[in-house]
Amino acid sequence: MIKVTLPDGSEREYADGASPLDVAESISKSLAKKALAAKVNGEMWDLVRPLEGDAQVAIITSRDPEGLELIRHDAAHVLAQAVQDLYPDTQVTIGPVIDDGFYYDFAREEPFSTDDFEKIEKKMNQIIDADYPIVREVWDKEDAIETFKKIGEDYKAQIIDDIIPPGEAITVYKQGDWFDLCRGPHLPSTGKLPKAFKLMKLAGAYWRGDSNNEMLQRMYGTAWANEKDLKAHLHRLEEAEKRDHRKLGQQLDLFHLQPEAQGSVFWHPKGFMIWRQLEAYIRRQQDADGYTEVKTPQLLDSVFWEKSGHWDKFRENMFVVPDFIPNTDEDEVKIPAETSLMALKPMNCPAHVQIFKNAQRSYRDLPIRMAEFGCCHRNEPHGALHGLMRVRQMTQDDAHIFCREDQIGEETLRFLSLFSRVYNDFGLTEISYKLATRPEVRGGTDENWDRAEKALADALTEAGLEFEIAEGEGAFYGPKLEFHLTDAIGRTWQCGTFQLDYVLPERLDAEYTGSDGGKHRPVMLHRAVFGTFERFMGILIENYAGAFPMWLAPVQVVVAAITDAANDYAEEAAAALRKAGLRVETDLRNEKINYKVREHSVQKVPVIAVVGGREAEDRTLALRRLGSNGQQIIALDEAATVLSQEGLAPDLKA
């Protein structure tokens, strides 16, 4: 007999050779029906694979994250089988699980088309209906290589030859007559795979990611536990496409990007108006929270970055500049070997330490909260750039808090409160928290890391916030808090950050005089609320679908005249609204009013004030609000008062 320990701590005995499926059936028939796989001593295990002795066993269903990953893994295998059934000249290579789905790379001379998807999906459904048992087999390495070569699967043979050590067995999974090299685990049969998948797109991919190798065809798909989840995902994708900040940025005339400035943004007047509102808002928050604002250089000597540790850890992402003046008389620029190097700053923290060090500091001066809207540059690969979300030139709402060790908890709580207030003002209230702990390669002592991680965990607990541990995801100089926010269509973004650092003050020789008269190192807290303005604005554009709340809208009110006779009154009304502090434009074109209203609605203007002869005579406005078909007739003076209040930032409202 073997002893099985279940997740609730209870123990049961089973005959030798029992499988996780036997365990599930002994608990309940409904669990056995839902079971997809098992976790045996912490390792994923096929449901029908016999247990090899006493074990801890947890049954995995589609409700578990591991279950969904398994569904996507099997969907990739069913895709590969379907493709080879339909196109026998195709070789399969690799097919991993990715976020929201899977892909498979195929080698085939004739290109696939998205027109093939319907036929492939139909074949996948037939494979599911056939309910082929999925059988795990252990093969000898040399036999496996020979078998795959014999059936023309040269890529699979190469994988086995390259990654499996000599003499080591491999696992192969069969479903019907089709089989594939795989570690597993898999579902018990193809019939267990939910018909909740869809093929999405095609792309090119080099074999093993090497541009010197053959180009393969990558087929992407998405797979879910049920039809409802699939439909919800496809709806999110449709919404995301409508909300794409790059498309809306052009449509609303906010910004543009062009090849001559890779990863850097050309902000148009309307886009920069939003930027200005964000900057003014966060500056008010920081001023009220006791921050002082500074400005530091863009270009700094490499010696500076070597001392901070960034030269070793971050140099490949830094724009390095030789410190010399070229001879304009020569056709070719020659850089002397002895030329020293400089770099555009990728972050602000070392420069802030220099300001801290530039004066004698006492324990009574701490904490010092130093903020900067710092323009930074990072040499991101061209292929990684993505609109405002991934750029090379960015501006951070960055700040560093220099404090004593006994002030860490209070300053962390203070920041958590600031962060919560700000995101509430933007309607971003669904936030999850993670504590990223020490990476394998890091600076500082284990003792300091222990203290730093405990301090952040204690602060989160004291604030009443639930959090996850992101093992090994901290910065090289300290642990960090990550803030993951969920937007209007359920996507998750990481923006703000908070990091606790003992390392940089040590490396850059920052110190203060303690109450004992001795010299001490300050603790340095790195923090940002928005993160970068670029990414935060990209998120806001997509979250609001371009329809910004009135306080952020670049144009808050358009006064549109119905006839030329109302033009003078339209100008007068616009002037009155501007005097009340609103951002106002007039539309006096010789166009029909319905056309004007429709056009400004497409531009997401929050309020359209329509004026004609009657409004001019009565000194009123006919207000039409974005998203509403009705209109409100209101006196001009009252409109100025009401709209000016609506147009205020949340922190300025009475």
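- For the atom pair Ile541 CD1 and Lys247 NZ, the distance stands at 13.5 Å (nearest 0.5 Å).
- Within the model, atoms CG of Leu47 and CG of Leu70 stand 9.5 Å from one another, a figure rounded to the nearest 0.5 Å.
- Listed by first and then second residue, the ring-ring contact (aromatic ring centres under 6.0 Å, His included) pairs involving residues 109-148 are Tyr87-Phe112, Phe106-Phe112, Trp139-Phe179, Phe148-Phe179 (not counting sequence neighbours).
- One finds no salt bridge joining Asp180 and Lys174 here, because no Lys/Arg side-chain nitrogen approaches an Asp/Glu carboxylate oxygen to under 4.0 Å.
- Residues Asp154 and Lys149 are not paired through a salt bridge, judged by the lack of any N-O separation under 4.0 Å between the basic side chain and the carboxylate.
- When all heavy atoms are compared, the tightest approach of Val391 to Gly387 is CG1-O, 3.2 Å.
- Rounded to the nearest 0.5 Å, atoms CG (Leu31) and CD (Glu25) are 10.0 Å apart.
- Residues Lys192 and Asp131 are not paired through a salt bridge, judged by the lack of any N-O separation under 4.0 Å between the basic side chain and the carboxylate.
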Practice item. Would you sort out whether Thr222 and Asp100 count as a side chain to side chain donor-acceptor pair (under 3.5 Å), showing the intermediate values? Key: CA-CA 6 Å; Thr222 187; Asp100 297 333; over 6 Å; no

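- Interatomic distance, Thr147 OG1 to Lys156 NZ, rounded to the nearest 0.5 Å: 14.0 Å.
- Side-chain atoms of Asp458 do not come within 3.5 Å of backbone N or O of Ala455 as any donor-acceptor pair.
- Counting only heavy atoms from C-beta outward, the side chains of Leu79 and Met219 approach each other to under 4.5 Å.
- Of the possible polar contacts, one joining the Asn226 side chain to the Asp229 backbone as a donor-acceptor pair under 3.5 Å is found.
- The environment of Glu118 atom CD is sparse: at most 12 non-hydrogen atoms of other residues, nucleotides or ligands sit within 6.0 angstrom.
- Between Tyr423 and Phe536, the gap from one ring centroid to the other is short of 6.0 Å.
- A distance-only check finds a donor-acceptor pair linking the side chain of Asn424 to the backbone of Ser420 [under 3.5 Å].
- Here ring-ring contact (aromatic ring centres under 6.0 Å, His included) pairs that include residues 155-177, with residues two or more places apart or in two chains, are Tyr155-Trp207, Tyr173-His186.
- With salt bridges taken as basic N to acidic carboxylate O contacts below 4.0 Å, none links Lys150 and Glu153.
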Requested in this report: Determine, step by step, whether Thr497 and Arg527 satisfy the side-chain contact (heavy atoms from CB on, under 4.5 Å) criterion, reporting the C-alpha distance in whole Å, the side-chain angles of both residues, the deciding distance to 0.1 Å, and the verdict.
Outcome: CA-CA 5 Å; Thr497 187; Arg527 49 109 295 186; over 6 Å; no

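- The line from CD1 of Ile2 to CG of Asp16 is 6.0 Å long, rounded to the nearest 0.5 Å.
- Taking each heavy atom of Ala488 and Arg243 in turn, the nearest pair found is CB-NH1, 4.0 Å.
- Between the side chain of Asp74 and the backbone N or O of Thr190 there is no donor-acceptor pair closer than 3.5 Å.
- Annotation for Glu430: atom CD does not count as buried by contact number, only 12 or fewer foreign heavy atoms lying within 6.0 Å.
- Counting only heavy atoms from C-beta outward, the side chains of Ile170 and Val138 never approach each other to under 4.5 Å.
- With contacts defined as side-chain heavy-atom distances shorter than 4.5 Å, the pair Pro185/Trp45 does not qualify.
- For Phe476 and His310, the gap between ring centers is short of 6.0 Å.
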Note to self: Could you go through Ile145 and Ile164, starting from their C-alpha distance and side-chain angles, then the distance that decides it, and tell me whether this counts as side-chain contact (heavy atoms from CB on, under 4.5 Å)?
What the structure shows: CA-CA 11 Å; Ile145 292 173; Ile164 307 296; over 6 Å; no

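- The CH2 atom of Trp178 sits 5.5 Å away from the NE2 atom of His77 when rounded to the nearest 0.5 Å.
- Taking both residues in full, the closest heavy atoms of Gly263 and Leu385 are given as N-CD1, 3.7 Å, listed atom of the first, atom of the second, then distance.
- Checking side-chain atoms of Glu453 against main-chain N and O of Arg438 turns up a donor-acceptor pair under 3.5 Å.
- Between Asp450 and Lys454 there is no salt bridge, since no side-chain N of the basic residue sits under 4.0 Å from a carboxylate O of the acidic one.
- In this structure, His233 has its ring center closer than 6.0 angstrom to the ring center of Trp224.
- Remark: side-chain polar atoms of Asp46 are not paired, donor with acceptor, to backbone N or O of Arg49 under 3.5 angstrom.
- Between Met347 and Arg378, some side-chain heavy-atom pair lies under the 4.5 Å cut-off.
- Ion pair Glu542/Arg491 flagged as a salt bridge, since at least one NZ, NE, NH1 or NH2 atom sits closer than 4.0 Å to an Asp/Glu carboxylate oxygen.
- Side-chain atoms of Gln217 and Glu110 form no donor-acceptor pair, as typed in the model, at a separation below 3.5 Å.
- Under a cut-off of 6.0 angstrom, the local environment of CZ in Arg183 is sparse, with at most 12 non-hydrogen atoms contributed by other residues, nucleotides or ligands.
- Taking 4.5 Å as the limit, every side-chain heavy atom of His73 sits out of range of all side-chain heavy atoms of Phe102.
- A pairwise comparison of heavy atoms in Ala107 and Leu216 identifies CB-CD2, 3.7 Å as the closest pair.
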Output, in order, the C-alpha distance, side-chain angles, deciding distance and verdict of side-chain contact (heavy atoms from CB on, under 4.5 Å) for Leu237 and Met200. CA-CA 11 Å; Leu237 292 180; Met200 302 299 292; 3.4 Å; yes

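- No donor-acceptor pair closer than 3.5 Å links the side chain of Thr61 to the backbone N or O of Ala35.
- Atom CD of Glu137 has more than 12 heavy atoms from other residues, nucleotides or ligands within 6.0 Å.
- For Asn448, the side-chain contact (heavy atoms from CB on, under 4.5 Å) test picks out Thr445, Arg451, Tyr502, with sequence neighbours left out.
- Leu388 and Glu534 make their closest contact through CB-O, 3.3 Å (heavy atoms, listed as atom of the first residue, atom of the second, distance).
- In terms of modelled atom types and a separation under 3.5 Å, the side chain of Asp210 and the main chain of Tyr206 share no donor-acceptor contact.
- In this structure the side chain of Glu462 never reaches within 4.5 angstrom of the side chain of Thr412, judged on heavy atoms.
- Atom CG of Asp89 is surrounded by more than 12 heavy atoms from other residues, nucleotides or ligands within 6.0 Å.
- Remark: Glu168 does not engage Lys141 in a salt bridge, criterion side-chain N to carboxylate O under 4.0 Å.
- Residues Arg12 and Leu6 meet the side-chain proximity criterion, which asks for heavy atoms closer than 4.5 Å.
- Between Arg246 and Asp244, at least one side-chain N (NZ, or NE/NH1/NH2) sits under 4.0 Å from a carboxylate O, which counts as a salt bridge.
- Heavy-atom minimum distance, Ile431 versus Phe419: CD1-CE2, 3.7 Å.
- Proximity of a side-chain donor or acceptor of Gln56 to a complementary backbone N or O of Val40 within less than 3.5 Å is not detected.
- Between Ile94 and Tyr104 the shortest side-chain heavy-atom distance does not fall below 4.5 Å.
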Practice prompt. Quick one: do Leu428 and Leu540 satisfy side-chain contact (heavy atoms from CB on, under 4.5 Å)? Show the steps, please.
Written response: CA-CA 10 Å; Leu428 299 167; Leu540 290 182; 4.3 Å; yes

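- Using a 4.0 Å cut-off between charged nitrogen and carboxylate oxygen, Lys195 and Asp129 count as a salt-bridge pair.
- Checking side-chain atoms of Arg72 against main-chain N and O of Glu69 turns up no donor-acceptor pair under 3.5 Å.
- Taking the ring centroids of Tyr477 and His526, they lie under the 6.0 Å cut-off.
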